[in-house]
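Heads up, the thing below is written out as structure tokens.
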Amino acid sequence: MQSWTNYHSHCHYCDGKYAPEIHIKAALQQGVKIYGFSSHSPLFVPTTWNMKMERLKDYLQEINRLKEQYQADIQIYTGMEVDFIPGSTQVDSPYIQEAGLDYTIGSIHFVDSFADGTPWEVDGGHQLFLKGLKDIFDGNVQQAIKRYFERTREMLQTACPDVLGHMDKIKIQCEEGQLFSENEDWYREEVLATLEVAQQSGVIIEVNTRGVYKKKLPDAYPSRWILEEILKLDIPVMLNADSHHPDEITANFSESASMLQDIGFKTFRILHQNKWQDVPFTSEGLFIP
Ligand SMILES: [Zn+2]
Ligand SMILES: [Zn+2]
């Protein structure tokens, strides 16, 4: 029997909808056998989407309770999607380490800072993206995107998470190729340099379906040409939904798994019985031993 896994998920502890238990019930209905919660880590920067520091203890306790309650039906893991803001938040920050997580997803949502010290959120609204581009990079889009990938590499080299989250999410800001294009040499060089560092770091790269089912992009993160390079480099991948709603837990999984098969991927890396392991999959799901 095949089943799905999803390790990138949000619930009401951050900007997702509904309590964790609602997500577990929905996951079971969608044929999910392993589920990881990855709320946005608390930050020292005010945002509308991260978990508040004072909620952290409850988050950990509630998921531990669910692990026991549902252990006969589904494996549950406690993770976090941790930002990389050097000197402020990274996977080896004491408050993240002390949480005793089962795994971490490292995602770049911020690049550099405005003159007043406010970190520039690159995957917030497009207007905020344009403001940072103008104020911090003098409108030089190439420099700004390079900094995004540089920061990704810096994270992998200095505070490496288990999983690299939506590695090319910055492409959402490209204005359908008007502002920058993935076909440009400089963009491809940045991606390839990042994959080289990813390979050395041992990180798992997630294939994140959110952009597709939200109808923002035709392609998953990362794009197909990047996935082809990832296969050549033999970097492990996993399939994640970045769900914020119970309906999204396996959204576009079948199509994406089929695309990954078509590229030539044979296995997904999963956390199973507390160990990372590679298991085969088809468009119907994973073969979990
Ligand atoms: Zn994210
Ligand atoms: Zn996320």
Side-chain angles (χ1 to χ4, degrees), residues 7-10 13-16 36-57 59-60 63 77-114 116-124 128-129 132 136 144-170 190-191 193-206 208 210 221-222 235-238 240 242 269 271 276:
Y7 299 90
H8 191 155
S9 78
H10 301 277
Y13 278 94
C14 56
D15 60 346
F37 287 97
S38 63
S39 280
H40 289 292
S41 60
L43 301 175
F44 301 102
V45 180
T47 73
T48 54
W49 42 266
N50 68 290
M51 186 182 351
K52 300 287 165 269
M53 197 67 84
E54 59 270 24
R55 297 269 280 154
L56 178 55
K57 213 173 137 201
Y59 173 72
L60 301 172
I63 297 170
Y77 290 103
T78 312
M80 246 191 241
E81 184 177 9
V82 182
D83 276 89
F84 180 66
I85 308 174
S88 176
T89 294
Q90 44 191 67
V91 295
D92 56 355
S93 296
Y95 74 102
I96 304 290
Q97 293 276 297
E98 281 156 20
L101 303 169
D102 297 318
Y103 70 99
T104 53
I105 299 175
S107 297
I108 301 296
H109 301 112
F110 298 97
V111 174
D112 292 2
S113 302
F114 290 100
D116 70 354
T118 308
W120 176 36
E121 200 185 320
V122 292
D123 85 352
L128 180 58
F129 177 82
I136 306 169
I145 307 301
K146 279 186 171 186
R147 283 292 300 132
Y148 170 84
F149 285 110
E150 260 170 31
R151 186 163 270 201
T152 306
R153 296 194 288 271
E154 197 187 334
M155 172 173 75
L156 297 174
Q157 284 166 328
T158 63
C160 190
D162 296 304
V163 181
L164 175 57
H166 47 66
M167 76 159 278
D168 64 345
K169 193 161 187 199
I170 198 79
E190 287 303 315
V191 168
T194 305
L195 293 183
E196 208 170 291
V197 173
Q199 186 196 36
Q200 287 155 11
S201 73
V203 79
I204 302 160
I205 295 186
E206 72 164 1
N208 178 315
R210 186 163 180 79
Y221 308 112
I235 298 170
V237 295
M238 63 170 20
N240 281 332
D242 201 350
R269 183 154 298 177
L271 185 56
W276 292 105

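Considering only heavy atoms from C-beta on, Glu196 comes within 4.5 Å of Gln200 through its side chain. Here the side chains of Ser41 and Thr89 are in contact, with some heavy-atom distance below 4.5 Å. Side-chain atoms of Phe44 and Ile85, non-hydrogen and from C-beta on, never get closer than 4.5 Å to each other. Counting only heavy atoms from C-beta outward, the side chains of Thr48 and Asp15 never approach each other to under 4.5 Å. Inter-residue side-chain proximity for Trp120 and Phe129 is flagged as met; some heavy-atom pair is nearer than 4.5 Å. By the 4.5 Å heavy-atom criterion applied to side chains, Arg210 and His8 are not counted as neighbours. Side-chain atoms of His10 and His40, non-hydrogen and from C-beta on, do get closer than 4.5 Å to each other. The shortest side-chain heavy-atom distance between Gln90 and Val82 does not fall under the 4.5 Å cut-off.
A distance of 12.0 Å separates CZ in Phe37 from CG in Leu60, rounded to the nearest 0.5 Å. With rounding to the nearest 0.5 angstrom, the OH atom of Tyr103 is 10.5 Å from the CD1 atom of Ile204. Note that the OG1 atom of Thr194 and the CG atom of Leu164 stand 8.5 Å from one another [nearest 0.5 Å]. The CG atom of Asp242 lies 7.5 Å from the CD1 atom of Ile105; values are rounded to the nearest 0.5 Å. The distance from atom CZ of Arg269 to atom CG of Asp162, rounded to the nearest 0.5 Å, is 10.5 Å. Distance check: Asn50 CG to Glu81 CD gives 11.0 Å after rounding to the nearest 0.5 Å.
Considering every non-hydrogen atom in both Pro161 and Val203, the closest pair reads O-CG2, 3.4 Å. When all heavy atoms of Met51 and Cys14 are compared, the closest pair comes out as N-CB, 3.9 Å. A pairwise comparison of heavy atoms in Ser88 and Ser93 identifies O-OG, 3.7 Å as the closest pair. Counting all heavy atoms, side chain and backbone alike, Val111 lies closest to Arg151 at CA-NH1, 4.0 Å. Summarising the geometry of Glu206 relative to Asn208, their closest heavy-atom pair is OE2-ND2, 2.8 Å, with the distance given to 0.1 Å. Considering every non-hydrogen atom in both Met167 and Ile205, the closest pair reads SD-CD1, 4.2 Å.
Side chain of Tyr95 to main chain of Pro42: a donor-acceptor pair is present (N/O by atom type, distance under 3.5 Å, no hydrogens or angles). Looking at Asp168, its side chain never comes within 3.5 Å of a backbone N or O of Tyr221 through a donor-acceptor pair. For Tyr7 (side chain) and Met238 (main-chain N/O), no donor-acceptor pair under 3.5 Å exists by modelled atom type. Within the 3.5 Å criterion, the main-chain N or O of Ser9 finds a donor-acceptor partner in the side chain of Ser38. Using modelled atom types, no side-chain atom of Glu121 and backbone atom of His109 make a donor-acceptor pair closer than 3.5 Å. Side-chain atoms of Tyr59 come within 3.5 Å of backbone atoms of Ser39 as a donor-acceptor pair (strictly under, hydrogens ignored).
If you run side chain to side chain contact (heavy atoms under 4.5 Å, CB included) between Phe84 and each of Leu156, Val91, Ile108, only Ile108 comes through.
Taking the charged nitrogens against the carboxylate oxygens, Arg153 and Glu190 do have a contact shorter than 4.0 Å, which makes a salt bridge.
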- Could you go through the side chain to side chain contact (heavy atoms under 4.5 Å, CB included) check for Phe110 and Thr47 one step at a time? CA-CA 11 Å; Phe110 298 97; Thr47 73; 3.9 Å; yes
Quiz item: Is there a side chain to side chain contact (heavy atoms under 4.5 Å, CB included) between Phe114 and Ile136 once you walk through the steps?
Solution: CA-CA 6 Å; Phe114 290 100; Ile136 306 169; 4.1 Å; yes
